[in-house]
Amino acid sequence: MKLLIECSSKENLYTNKTDGIILPLEGFSVESKCFFSMTEIKDIKDKSSCMVFVKVNKNFMNEEIDDLKKILQELDDCGVDGVFFYDLAVLEIKNELNLQLPLVWNQTHMVNNYKTCDYYYSKGVSYALVGKEITLEEIKEIVQNSHISVMVEV
């Protein structure tokens, strides 16, 4: 088991006290206390020995898709350990551009059974952040019956 934390400030990243950090990307993520620019994320990735995940968890409008493609390419190039996503455009772009970027399926209440997790795994998703409302037994069922790597928010 690995411990990842989402940073609540830019001053305390805790990169030496955890297995990994989650950095919300400025302009591409929602529902976080602080946001990081692409430049800051690249700098943290270069200097950190822990895993670096990036949150790209908003719904995207048609006019934002070209910018999203550029950002996903940059994240792939800098070798982040994963991208938390909500909008399925992220998955589509990953496959369209043949990116190696590990994706974390993060659709709140939708991540609740192993068959759907396996479907997303077959489409190129590496991880699933399971819904907070499911039980421990349901989480165990997903872990035992799916190929996807499961994440649980605590």
Q | Test ring-ring contact (aromatic ring centres under 6.0 Å, His included) applied to Y114 - qualifying residues, sequence neighbours left out | A | none

Q) Any idea which heavy atoms bring F28 and K58 closest together, and the distance? A) O-CG, 3.5 Å

Q. Looking only at heavy atoms, what is the nearest atom pair of C34 and S8, with distance?
A. SG-C, 3.8 Å

(Q) Less than 4.5 Å apart, side chain to side chain, heavy atoms only: is that true for E26 and M38? (A) no

Q.
Rounded to the nearest 0.5 Å, what separates atom CD in E153 from atom CG in L4?
A. 11.0 Å

Q: Give me the one residue out of V83, D81, L23 that meets side-chain contact (heavy atoms from CB on, under 4.5 Å) with F53.
A: D81

Q | Short side-chain to backbone donor-acceptor contact, D76 and L72, under 3.5 Å | A | no

Q: Taking atom CG of D46 as the centre, report whether more than 12 heavy atoms of other residues, nucleotides or ligands fall under 6.0 Å from it.
A: yes

Q.
Can you confirm whether I134 sits close enough to I139 that some side-chain heavy atom of one is under 4.5 Å from a side-chain heavy atom of the other?
A. yes

Q. So do C78 and K42 actually touch side chain to side chain, heavy atoms under 4.5 Å?
A. yes

Q. With a 4.5 Å limit on heavy-atom distance, are the side chains of L13 and F36 in contact?
A. yes

Q: Apply the test side-chain contact (heavy atoms from CB on, under 4.5 Å) to residues I21 and C50: give CA-CA distance (whole Å), side-chain angles for both, the deciding distance (0.1 Å), then the verdict.
A: CA-CA 7 Å; I21 55 176; C50 73; 4.2 Å; yes

Q. So which heavy atom on W105 is nearest to which on Y120, and how close?
A. CZ2-CE1, 3.4 Å

Q.
Within the structure provided, determine whether K123 and L91 are in side-chain contact (heavy-atom separation under 4.5 Å).
A. yes

Q: Kindly compute the distance separating CD (E141) from CG (L136), expressed to the nearest 0.5 Å.
A: 12.0 Å

Q) Given the rule that I, L, V, M, F, W and Y join up when any side-chain heavy atoms are under 4.5 Å apart, are I22 and M51 in one cluster? A) yes

**Q.** Among I71, L101, I65, side-chain contact (heavy atoms from CB on, under 4.5 Å) partner for I93
**A.** I65

Q) Taking only residues at least two apart or on different chains, which pairs with a member in residues 31-41 satisfy side chain to side chain donor-acceptor pair (under 3.5 Å)? A) E6-S32, K10-E40, S32-K55, S37-E40

Q. Is there side-chain contact between L97 and Q73, with heavy atoms separated by less than 4.5 Å?
A. yes

Q) Between K70 and D66, does at least one N-O distance fall below 4.0 Å, as a salt bridge requires? A) no

Q: Examine distances only and state if a side-chain atom of N57 and a backbone atom of F84 form a donor-acceptor pair shorter than 3.5 Å.
A: no

(Q) F60 and side-chain contact (heavy atoms from CB on, under 4.5 Å): which single residue from L68, L88, D67 fits? (A) L68

Q: Starting at OG of S122, measure out to NE2 of H147 and round the result to the nearest 0.5 Å.
A: 10.5 Å

Q | V152 and L129, any side-chain heavy atoms less than 4.5 Å apart | A | no

Q. Could you walk me through whether Y86 and N59 pass the side-chain contact (heavy atoms from CB on, under 4.5 Å) check?
A. CA-CA 7 Å; Y86 185 89; N59 281 321; 3.5 Å; yes

**Q.** Rounded distance [0.5 Å steps], CG in D87 versus CE in M61
**A.** 10.0 Å

(Q) Less than 4.5 Å apart, side chain to side chain, heavy atoms only: is that true for T116 and M110? (A) no

Q. Can you check whether L25's main-chain N or O pairs, donor with acceptor, with S29's side chain at less than 3.5 Å?
A. yes

Q: Would you kindly confirm whether Y119 and V104 end up in one hydrophobic cluster when ILVMFWY residues are joined by side chain heavy atoms under 4.5 Å apart?
A: no

Q. Honestly curious: do V56 and Y127 fall in one hydrophobic cluster under the side-chain, below-4.5 Å linking rule?
A. no

Q: Look at the side chain of S146 and the backbone N and O of V143, then say whether any donor-acceptor pair between them is shorter than 3.5 Å.
A: no

Q: Answer yes if Y121 and V150 sit in the same cluster of Ile, Leu, Val, Met, Phe, Trp and Tyr residues linked by side chain heavy atoms under 4.5 Å apart, and no otherwise.
A: yes

Q.
Applying a strict under-4.5 Å side-chain criterion to I, L, V, M, F, W and Y, I'd like to know whether M151 and V111 cluster together.
A. no

Q: Would you please test L103 and S126 for side-chain contact (heavy atoms from CB on, under 4.5 Å) and show each step?
A: CA-CA 5 Å; L103 294 182; S126 303; 5.8 Å; no

(Q) Just verifying a value: how many Å separate I148 CD1 and D118 CG, rounded to the nearest 0.5 Å? (A) 7.5 Å

Q) Can any side-chain N or O of T18 pair as donor or acceptor with the backbone N or O of L3 at less than 3.5 Å? A) yes

Q | Euclidean distance, E74 CD relative to K69 NZ, rounded to 0.5 Å | A | 15.0 Å

